[in-house]
2 protein chains.
Amino acid sequence: MSEHINITEEEQARLLKCIGEVNRLRILKEILNEERCVTDIVNAIGKEQSLISHHLKHLKDCNIVVTQQRAKKIYYRLSHPRLAKIITQSGQLVKELPICQEKECNE
Amino acid sequence: MSEHINITEEEQARLLKCIGEVNRLRILKEILNEERCVTDIVNAIGKEQSLISHHLKHLKDCNIVVTQQRAKKIYYRLSHPRLAKIITQSGQLVKELPICQEKECNE
DNA sequence: CATTCATATGAATGATAACACATATAATAT
DNA sequence: ATATTATATGTGTTATCATTCATATGAATG
């Protein structure tokens, strides 16, 4: 008998993991409100072009971003408006979480 | 001159990455509405106790969960109500994302 | 105080992921 | 057609992470 596996749950984890990498998160913040081409993103993040392209591919494979080509440039934007909300809200949340490195701080 | 590093952004990535692992996500869903002790969680998830404990520690180190001990048992709950929203919303989002494995599906 | 129940921890291993470097493709301009 | 600009891809290396197994701690109970 095969294990009970919730596909959606795995997809959800994949989505969150994909967003939860610093450089990808930075990329997403760059395109939070407006589309950007790869070169714009590379300049904004200040990392190697190939690294940015790899991350963009990862984001695309997770259906987090979609692309549109115009002339030589390829523009990336979020695939769904709700993504912006989640990114913004989780950013806000981080500031509100209890900072708690010590053993008994939550008692 | 040191690089410009946004600490909050790294923390945000750490948070999302921590949530973005299947077993941890399942744990979080178990305690979404009510606290649970480790044994409850182990039974619900159906994985090794030590694995669950490791993941719980990870979640605690990221300040995502807090604990309260009563007698022999240690109860875990979310550290912030906004976490439940983000978990729920990202779950909803996954269902709404365009499924797009093909090259030109978003053109 | 020895046993049991509940949970945590440490170390080892295997899997996955990030990154750099080199190179390829593809569109446009000269 | 060749050069240039924009982006993608393949590969190897290193680092991070999930998992297992064994063991430890700690609280309660007989």
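In what follows, chains carry the letters A, B, and so on, assigned in the order in which the sequence lines appear, proteins first and then strands, with residues in each chain numbered from 1. These numbers come from the heavy atoms of this one structure, side chains and all, not from hydrogens, waters or symmetry mates.
When the C1' atom of C/dT16 is taken as reference, atom CZ of A/Arg14 falls 14 Å away, rounded to whole Å. To the nearest angstrom, P of C/dT23 lies 14 Å from CD of A/Glu48. For A/Ile52 and D/dA8, the CD1 to C1' distance is 13 Å, given to the nearest whole Å. For the pair B/Gln68 CD and C/dA6 P, the interatomic distance rounds to 18 Å; values are reported in whole Å. In this structure, the CD1 atom of B/Ile27 is 14 Å from the C1' atom of C/dA8, given to the nearest Å. Rounded to whole Å, atom P of C/dA18 lies 12 Å from atom CG of A/Asp61. Nucleotide C/dC5 holds its P atom 16 Å from the CG atom of B/Asp40, rounded to whole Å. The separation between B/Arg26 atom CZ and D/dA18 atom P is 14 Å, rounded to whole Å.
When all heavy atoms of A/Glu35 and A/Gln68 are compared, the pair lying nearest together is OE1-OE1, 4.2 Å. When all heavy atoms of B/Gln12 and A/Gly91 are compared, the pair lying nearest together is NE2-N, 3.2 Å. Taking all atoms of both residues into account, the shortest heavy-atom contact from B/Cys62 to A/Leu97 is O-CD1, 4.0 Å.
Between A/Lys73 and A/Val38, every side-chain heavy-atom pair lies at or beyond the 4.5 Å cut-off.
An aromatic stacking contact between A/His54 and the base of C/dC19 is absent, as defined here by ring centres under 5.5 Å apart and ring planes under 30° from parallel.
Remark: the backbone N or O of B/Glu11 is not paired with any side-chain donor or acceptor of B/Glu9 at under 3.5 angstrom. Of the possible donor and acceptor atoms, one in the side chain of B/Ser79 sits under 3.5 Å from a partner among the backbone N and O of B/Asn63.
You'll find that the side chain of B/Thr39 is closest to C/dT7, out of D/dA8, C/dT7, C/dC5. With C/dA8, C/dA18, C/dA11 as the candidates, the nucleotide lying closest to the side chain of A/His55 is C/dA18. When the nucleotides C/dT28, C/dA18, C/dA8 are ranked by their closest atom to the side chain of A/Arg24, C/dA18 comes out on top. For A/Lys72, counting side-chain heavy atoms from C-beta on, the closest listed nucleotide (C/dA20, D/dT5, D/dT19) is D/dT5. Looking at the side chain of B/Lys57, the nearest of the listed nucleotides D/dT9, C/dA18, C/dT9 is C/dT9. Listed nucleotides: D/dT7, C/dA18, D/dA8. Nearest to the side chain of A/Tyr76: D/dA8. Each of D/dT19, C/dA8, D/dA8 was ranked by its minimum atom distance to the side chain of B/Leu51; first place goes to D/dT19. Of all nucleotides listed (C/dA18, C/dA6, D/dT7), C/dA18 comes nearest to the side chain of A/His58. Checking C/dA11, C/dT7, D/dA27 against the side-chain heavy atoms of B/Lys73 singles out C/dT7 as nearest. Listed nucleotides D/dC21, C/dA27, C/dA8 differ in distance to B/Leu56; the shortest reach to its side chain belongs to C/dA8.
Checked by distance alone, A/Gln49 brings a side-chain donor or acceptor within 3.5 Å of a matching partner on the base of D/dA8. Between the base of D/dC21 and the side chain of B/Ser50 there is a donor-acceptor pair shorter than 3.5 Å.
Residue A/Lys29 qualifies as enclosed at atom NZ: its count of foreign heavy atoms under 6.0 Å is above 12.
Remark: of the listed residues B/Ile27, B/Val22, B/Asp40, B/Leu51, B/Ile27 is the sole one forming a side chain to side chain contact (heavy atoms under 4.5 Å, CB included) with B/Ile45.
End-to-end axis angle for the helix from C/dC1-D/dG30 to C/dT30-D/dA1, using five pairs per end and rounding to 10°, comes out at 10°.
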